[in-house]
Amino acid sequence: MSLAGFKSIPLPLAQCSLPAVLKCGQSFRWSVLTPSDTSESASASTSDIAKPDIKEPEAPRVEYRLCLKDRVVCLRQSPTAIYYRSVFPGTPSSNLIASESDATRDAETLAWLRDYFQLDIDLVALYKQWAEKDKVFSKFQERFEGIRILRQDPWENLVSFICSSNNNISRITKMVQNLCTYYSPSLLTLEHPFIADEVLAYHPFPPPSALAGSNAGQHLRTLGFGYRADFIQRTAKMLVDDHGLTTPQAPANPMEASEIWLLELRKSSTDDARAELLKFVGVGRKVADCVLLMSMDKKEVVPVDTHVYQIAVKQYGMKGSASGKPSMTPKLYEDINAKFKGIWGDYAGWAHTVLFTADLKSFATYGLPAGASPSPSSSPSPRKRTVKSDKMAASAPALLQRTSSDSPLKRKVFEDPLDENSLTEAKAELSTPELSKLVKDTEEHLSIVERVKRRKRNDKSAS
DNA sequence: AACATACCGACC
DNA sequence: GTCGGTATGT
């Protein structure tokens with residue numbers, strides 16, 4: 001598979017890692033397509049490969065796709081560049097003659113990419129600053145390169161995070177996909193990049209008016225939204241009712257007035273914008289802060305959930321609650337928020353996302369190159385909660401590739417890289433060099449995890 | 001103003 | 001029983 005038809009943006013992986021950024025729970029709408037993939041949209045599938053094949057940088061075996069209002073953007077990545085192309089309705093891919101409008105469209109897509117990935121922000125420089133200020137961050141930085149905040153559409157982001165309460169990435173992804181499939185018409189269909197004869201349909205994100213109808217709540221329930229169904233319908237209706245009649249900017253603008261109103265909140269202060277967001281149903285402090293950080297340019301905002309609370313306790317020695325189960329009171333929220341802002345400063349929200357991502361089970365072995373020996377402290381802690389509850393389970397040890405002919409055993413190891421049982425079984429069946437390498441890497445990882453555990457125990461009994 | 005409980009669905 | 005929370009009740 002060549003990169004014919006793709007333009008390139010020279011960019012080191014450390015500035016932006018697509019597999020990390022597009023699957024760490026910021027956007028839920030990118031599909032990740034690989035040669036071994038048999039399903040439609042796959043960011044939740046266990047057969048995904050999390051990293052481009054670095055052994056063959058000229059031919060990445062992963063493609064990422066997102067449907068915008070008027071085009072589908074397709075991306076691939078090598079260690080030194082991002083490759084992009086866009087596909088429009090009604091343009092057969094067999095058209096080999098580049099026209100003038102193609103050049104215009106490429107320029108538009110490039111502009112969109114620079115904005116969406118915020119490529120003018122020097123992430124490497126930010127990492128350096130955070131590492132200087134913060135010992136904990138410096139431990140993780142090398143293994144979790146290229147994790148940056150996307151600049152997403154506020155409406156889409158708001159709905160996605162209303163879905164996120166009491167929920168996991170895998171299910172949120174399915175819900176958002178259902179939303180697009182059933183509430184906006186297909187823009188175009190496109191062949192799978194690696195699997196012949198597989199055709200995929202692409203739907204843009206539906207506008208507020210499409211979800212505001214009084215019947216939407218009930219219908220969304222049947223699509224698996226649960227109690228969040230009414231939140232979404234009512235929020236959509238509030239937007240249409242209260243902000244749907246803004247002076248039409250340009251008739252050609254495909255955005256609805258209420259979407260533009262949300263977009264304009266970028267110009268407000270953090271507190272003002274948050275106050276507006278909190279008026280919607282299903283939007284509390286955490287969801288509002290996610291929207292502020294991820295689509296309103298409020299880079300200093302640190303959304304606090306139970307997960308972030310765990311990091312504050314574990315990594316930064318914040319006092320844990322005696323009864324194990326703390327309720328996230330406004331005061332606790334503020335305390336944690338202030339703590340992280342004090343540590344990381346102006347881009348605290350960006351720094352928080354790096355650690356948040358590093359703590360996902362799916363990234364447990366991310367960035368561990370074969371044979372490399374990470375320092376003991378840089379390995380993620382084997383928190384039971386994370387290991388058991390994170391259903392993303394999409395990533396495998398870096399640099400290793402799954403194939404369609406994987407043995408059941410290899411699959412097992414991939415699906416839970418930290419599970420010692422499957423590892424023991426796998427050792428007895430070192431049939432392929434690839435599997436043996438995987439076992440070696442994972443063993444090394446586990447031994448590090450063990451060392452950390454032991455040290456923790458010793459520290460405790462010593463004090 | 002600070003807590004408790006229900007809510008929905010998937011998983012252990 | 002658990003959970004990347006919020007709304008509603010006391």
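Only a predicted model underlies this, so the values are computations on that prediction, with no experimental measurement involved.
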Chemist: Measuring only the P atom in each nucleotide, how far is B:dA1 from C:dG5? A whole number of Å is fine.
Modeler: 25 Å
Chemist: What is the distance from CG of A:Leu332 to P of B:dA1, rounded to the nearest Å?
Modeler: 19 Å
Chemist: Any side-chain heavy atom of A:Trp30 sitting closer than 4.5 Å to one from A:Val21?
Modeler: no
Chemist: Please state the C1' separation for the pair B:dC11 and C:dT6 - nearest whole angstrom.
Modeler: 22 Å
Chemist: Taking the six-membered ring for Trp, are A:Tyr316 and A:Phe340 closer than 6.0 Å centroid to centroid?
Modeler: yes
Chemist: Do the non-hydrogen side-chain atoms of A:Ile336 and A:Val302 ever get within less than 4.5 Å of each other?
Modeler: no
Chemist: P atom, C:dG9 versus B:dC8: distance in rounded Å?
Modeler: 16 Å
Chemist: Do the two ring centres, one from A:Phe161 and one from A:Phe28, sit under 6.0 Å apart?
Modeler: yes
Chemist: Whole angstroms only, please: what is the CG-C1' distance between A:Asn178 and B:dA10?
Modeler: 15 Å
Chemist: Checking the side chain of A:Thr353 only, and the main-chain atoms of A:Gly349 only, is there a donor and an acceptor separated by less than 3.5 Å?
Modeler: yes
Chemist: Summarise protein proximity over nucleotides 5-10 of chain C in one line of letters, 5' to 3': B for base, S for sugar-phosphate only, - for none, counting protein heavy atoms closer than 4.0 Å.
Modeler: BSS---
Chemist: Rounded to whole angstroms, how far apart are CG on A:Leu223 and P on B:dA10?
Modeler: 13 Å
Chemist: Just call it for A:Phe225: base, sugar-phosphate, or nothing, with non-hydrogen atoms closer than 4.0 Å on any strand.
Modeler: nothing
Chemist: Rounding to an integer number of Å, can you tell me how far A:Met175 CE sits from B:dG9 C1'?
Modeler: 9 Å
Chemist: Would you please indicate yes or no on a ring centroid separation below 6.0 angstrom for A:Phe231 and A:Phe280?
Modeler: no
Chemist: Answer with base, sugar-phosphate or nothing: what part of the nucleic acid does A:Arg228 contact at a heavy-atom distance below 4.0 Å?
Modeler: base
Chemist: How many Å lie between CE on A:Met328 and P on B:dA2, as a whole number?
Modeler: 15 Å
Chemist: More than 12 non-hydrogen atoms from neighbouring residues, nucleotides or ligands closer than 6.0 Å to NZ on A:Lys237, yes or no?
Modeler: no
Chemist: Does B:dG9 pair with anything, Watson-Crick or G-U wobble, both distances under 3.5 Å, and if so, with which nucleotide?
Modeler: C:dC3
